[in-house]
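This report concerns only the one structure given below.
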Amino acid sequence: MIDEFAKDHLHGRLRRDREALLWKLDGLSEYDARRPLTATGTNLLGLVKHVATVEARYFGEVFDRPSPEPLPRWQDSDGSDLWATEDETRDQIVAFYRRTWEHSDATIDELPLDAPGHVPWWSEPCPNTNLFAVMVHVLGESIRHTGQADIVRESLDGRTGLRAEHEKQIDEEARAAHSARIERAARSAAHPTA
């Protein structure tokens, strides 16, 4: 009974974060969805592509259920899953992610939490694992990258949050006052008066 509860809970969280990540693309121009917004090149469409690739590998290869999507061998990973080429459309990447969900969901639905898996890119002694550990790992990856997407999106136009229905109108004045208060506290902590 606890296994089904745990599995359903983890799966529900994964589904929630998938939708949140895709929502970060809503309303953006092609340029803003793709452009590098950090020194390391982090971009929104690249985050979606990366998380789709992660899911495809973990819920595919690890359980001997290869993804129907063409993926390069993990040994040949060159970072190209972190950005969209000029030939890849947003629709193609989003569709890849959604098809990956279907494949991942089938793996999760069909296997018990203790189903054995093998992650060849994990170091010894950890490559032999199970569905529970992989679900926790992939959920962690999804949460991490959705958080990055939240910050990157906020830097573009101020939008934040998990879902459109929870989004509030941006109050620029209140945000500026809040940011100024934090800046004053940071400066004060860095240079305390004697």
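- Electrostatic pairing of R65 and E110 counts as a salt bridge here, judged by a charged N lying under 4.0 Å from a carboxylate O.
- The side-chain heavy atoms of L111 and F59, taken from C-beta on, include no pair separated by under 4.5 Å.
- Between R15 and E19, no side-chain nitrogen of the basic residue sits less than 4.0 Å from a carboxylate oxygen of the acidic one, so the salt-bridge criterion is not met.
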### Task
Decide salt bridge (Lys or Arg N to Asp or Glu O under 4.0 Å) for R18 and E55; before the verdict, give the C-alpha distance in whole Å, the side-chain angles of both, and the deciding distance to 0.1 Å.
CA-CA 10 Å; R18 288 169 174 167; E55 262 202 54; 2.8 Å; yes
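- The closest donor-acceptor contact from the side chain of T129 to the backbone of A133 lies at 3.5 Å or more, if one exists at all.
- One finds the CG atom of L14 at 5.0 Å from the OG atom of S142 (value rounded to the nearest 0.5 Å).
- Annotation: salt bridge (charged side-chain N to carboxylate O under 4.0 Å, His left out) contacts of E154 (sequence neighbours excluded): none.
- When side chains are defined from C-beta on, S67 does not count as touching E61, because their heavy atoms never get closer than 4.5 Å.
- A donor-acceptor contact shorter than 3.5 Å is absent between the side chain of R98 and the backbone of I93.
- Taking CG from L47 and CZ from R153, the interatomic distance works out to 13.0 Å, rounded to the nearest 0.5 Å.
- Closest heavy-atom contact between T100 and A52: CG2-O, 3.4 Å.
- Here the CG atom belonging to L10 is positioned 7.5 Å from the CG atom belonging to L113, to the nearest 0.5 angstrom.
- Looking only at atom types and distance, the side chain of H145 has no donor-acceptor partner in the side chain of D17 under 3.5 Å away.
- Using a 4.5 Å heavy-atom threshold, the side chains of V51 and E141 count as separate.
- Taking the six-membered ring where tryptophan is involved, the planes of W101 and Y97 are perpendicular, since the angle between them exceeds 60° and thus also 30°.
- Atom OG1 of residue T53 and atom CD of residue E69 lie 9.5 Å apart, to the nearest 0.5 angstrom.
- Counting heavy atoms from C-beta outward, H11 and D109 have side chains that approach closer than 4.5 Å.
- By the rule that hydrophobic residues join a cluster once side-chain heavy atoms approach within less than 4.5 Å of another member, V54 and I143 end up as members of one cluster.
- Considering only residues two or more places apart in sequence or on other chains, H137 meets the ring-ring contact (aromatic ring centres under 6.0 Å, His included) condition with Y58, W122.
- The salt bridge (charged side-chain N to carboxylate O under 4.0 Å, His left out) search around E102 returns none, not counting sequence neighbours.
- At most 12 heavy atoms of other shown residues, nucleotides or ligands fall within 6.0 angstrom of atom CG in D64.
- How far OG of S179 is from CZ of R184: 9.5 Å, rounded to the nearest 0.5 Å.
- Residues E88 and K49 have side chains in contact (heavy-atom distance under 4.5 Å, counting atoms from C-beta outward).
- Applying the 6.0 Å contact sphere to NE2 of H178 captures no more than 12 heavy atoms from other residues, nucleotides or ligands.
- Residues I151 and L37 have side chains not in contact (no heavy-atom distance under 4.5 Å, counting atoms from C-beta outward).
- A salt bridge is defined here as a Lys NZ or Arg NE, NH1 or NH2 lying under 4.0 Å from an Asp or Glu carboxylate O, and K7 with D3 fails to meet this definition.
- With contacts defined as side-chain heavy-atom distances shorter than 4.5 Å, the pair W83/R34 does not qualify.
- Of the residues listed (L156, L45, N43, V152), the one engaging R35 in a side-chain contact (heavy atoms from CB on, under 4.5 Å) is L156, and it is the only one.
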### Task
For side chain to side chain contact (heavy atoms under 4.5 Å, CB included), just list the numbers for L44 and L21, CA-CA rounded to whole Å, side-chain angles, deciding distance to a tenth of an Å, and then say yes or no.
CA-CA 9 Å; L44 288 165; L21 181 56; 5.7 Å; no
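- From T89, atom OG1 reaches atom CZ of F96 across 13.0 Å, with rounding to the nearest 0.5 Å.
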